[in-house]
Amino acid sequence: MIQVFSQRKNKPSRYQFMKPSELGYDSDEYLSFDPIEFAISKDGIDWRSEFDNPELKDAYCYKAPDVQPANPVDNLQKVALMDGSRLLSTSYGTRELKMEMIFIGMDEGDAMLAYDALQRFLISRDPYWICFANWPQRMYYVRAKLAAPTFTSEKSWTCEVTFTDLIGLSRSVGTTQEPVLGFGNNLEVQPRYSFNSNSFTLVNTSDVLIDPERRGHPFKMTLQGSSSGKMKVTNTTTSTSIYKESGFNGSFVLDGVEPSCNGKNCSIDTDCGIITLQIGENHFQVDNFNGTITFDYPEWWLS
């Protein structure tokens, strides 16, 4: 299970009613609002939470990014005297996510050091993944830009952080084989991603078509078992397939567009086919194979 957020037992929280004997006890842990935890990761697996950074004590996110609109970008072509333009392709462009931070410290020096620590935590030449606790199963691939702090007193400030979402979609934390479940994932029942029959239906709960070739989406299909030869896996919904000529006993893996058999590249023994997944139900037919087929991929959503 991927651990995104802090495992602290005493996370900062809104002020709670306490017994008279408890007044003043750990009072610095209680705030007038519920801070929203956020964490960052270079690879989407190993995460660093803001709550685990001692230099960011008393610096909190009080407003996380709202539900974001997708930004479709059309590639158009003008054709001779035809009215309008022809739509060649559509992709999702970058967009901005905004977060509001607040700090209340001991003095002016404390406030300056806290802003400096926030910059060190968020600013990077390279993009990274970020996840917010109010929508904990989704992450965004971003670069950050901090506005100058607005000092409300000598020891406190607010600051707006603007993230450029480089992909323009949110991605699931984890994959179908290691999911992080949550609301808004288009799930009515828990879908299956592993099958033992030669005819089955796989449900893609993403908001987009999974396309490892043209869109670069991570996608892995693993066949564990045996084939006497001329094996073919077909997604009849998208009319995509991959064919392997010779037989095998062990594993056949299609990782993106790269096929391998028992750990060795076997492109020369295949038709270099690909598999894509349409939104919703995908109907599969498998020929000349006995065993288990497993699908492992992250899901993508518009918001």
Side-chain angles (χ1 to χ4, degrees), residues 1-8 11 34-53 56 60-72 91-101 118 120-146 160-187 190-191 193 204-212 215-220 256 277 279 295-303:
M1 181 69 176
I2 295 176
Q3 182 65 44
V4 177
F5 299 108
S6 173
Q7 294 183 291
R8 286 175 53 182
K11 290 186 180 183
D34 279 319
I36 301 170
E37 185 179 3
F38 60 91
I40 63 175
S41 171
K42 291 182 178 180
D43 57 10
I45 299 173
D46 297 316
W47 291 83
R48 291 188 297 142
S49 169
E50 179 236 359
F51 283 178
D52 288 332
N53 188 330
L56 290 176
Y60 303 114
C61 168
Y62 68 89
K63 189 177 189 302
D66 296 322
V67 177
Q68 294 300 307
N71 181 27
S91 60
Y92 290 103
T94 61
R95 57 187 176 182
E96 290 188 346
L97 316 176
K98 294 185 182 294
M99 173 178 75
E100 301 287 344
M101 296 289 298
L118 183 64
R120 285 197 301 272
F121 189 78
L122 291 177
I123 297 299
S124 171
R125 295 183 188 272
D126 300 316
Y128 52 80
W129 295 99
I130 190 166
C131 184
F132 298 92
N134 63 329
W135 212 338
Q137 77 278 9
R138 301 190 180 200
M139 60 186 188
Y140 303 86
Y141 198 55
V142 301
R143 289 190 70 248
K145 182 178 181 180
L146 273 66
E160 182 180 74
V161 183
T162 301
F163 298 101
T164 300
D165 177 7
L166 297 177
I167 296 178
L169 298 169
S170 64
R171 207 200 95 161
S172 62
V173 176
T175 66
T176 54
Q177 292 303 306
E178 194 176 9
V180 176
L181 301 179
F183 65 91
N185 284 16
N186 300 333
L187 294 179
Q190 179 62 40
Y193 300 105
N204 170 26
T205 61
S206 303
D207 288 333
V208 298
L209 176 135
I210 302 297
D211 188 342
R215 307 291 185 183
H217 295 144
F219 173 84
K220 183 181 287 187
L277 300 179
I279 302 169
F295 296 85
D296 187 14
Y297 59 91
E299 295 171 290
W300 301 87
W301 299 288
L302 298 179
S303 297

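Heavy atoms only: backbone and side chains are in, while hydrogens, waters and symmetry mates are out.
Residues E37 and P136 are not in side-chain contact: their nearest non-hydrogen atoms beyond the backbone lie 4.5 Å or more apart. With a 4.5 Å cut-off on side-chain heavy atoms, P35 and F51 count as touching. Counting heavy atoms from C-beta on, the side chains of S91 and R215 come closer than 4.5 Å.
Looking at every heavy atom in both residues, L302 comes nearest to R95 through O-NH1, 2.7 Å. When all heavy atoms of Y128 and S41 are compared, the pair lying nearest together is CB-O, 3.4 Å. In plain terms, the two heavy atoms of I40 and L122 that are nearest each other are CG2-CD2, 4.4 Å. Minimum heavy-atom separation, I210 to P298: CD1-O, 4.1 Å. Of all non-hydrogen atoms in I45 and D43, the two that sit nearest each other are N-OD1, 2.8 Å. When every heavy atom of W301 is checked against every heavy atom of R171, the shortest pair comes out as CZ3-C, 4.1 Å.
If you take CE on M101 and CG on L56, they are separated by 6.5 Å, rounding to the nearest 0.5 Å. Atom CZ of R48 is separated from atom CG of N53 by 7.5 Å, given to the nearest 0.5 angstrom. Rounding to the nearest 0.5 angstrom, the gap separating the CD1 atom in I130 from the CZ atom in F163 is 3.5 Å. The line from OH of Y92 to CD1 of I167 is 14.0 Å long, rounded to the nearest 0.5 Å. Note that the CD1 atom of I123 and the CZ atom of R143 stand 7.5 Å from one another [nearest 0.5 Å]. Here the straight-line distance linking atom SG of C131 with atom CD of Q137 works out to 8.0 Å at 0.5 Å rounding.
Just one residue in the list L146, V161, T162, I36 forms a side chain to side chain contact (heavy atoms under 4.5 Å, CB included) with M99, and that residue is V161. Screening F38, W47, Y141 against W129 for a ring pair (Phe, Tyr, Trp, His ring centres under 6.0 Å) leaves a single residue, Y141.
Looking at S49, its side chain never comes within 3.5 Å of a backbone N or O of F5 through a donor-acceptor pair. In this structure, the side chain of T176 engages the main chain of F295 through a donor-acceptor pair within 3.5 Å. A donor-acceptor pair under 3.5 Å links the side-chain atoms of K11 to the main chain of S6, judged by distance alone. Of the possible donor and acceptor atoms, none in the side chain of S170 sits under 3.5 Å from a partner among the backbone N and O of Y140.
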Are Y297 and H217 close enough, and set up right, to give a side-chain contact (heavy atoms from CB on, under 4.5 Å), and what steps lead you there? CA-CA 8 Å; Y297 59 91; H217 295 144; over 6 Å; no

Check step by step if side-chain contact (heavy atoms from CB on, under 4.5 Å) holds for K145 and T164. CA-CA 8 Å; K145 182 178 181 180; T164 300; over 6 Å; no

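Atom NZ of K42 has 12 or fewer neighbouring heavy atoms from other residues, nucleotides or ligands inside a 6.0 Å radius.
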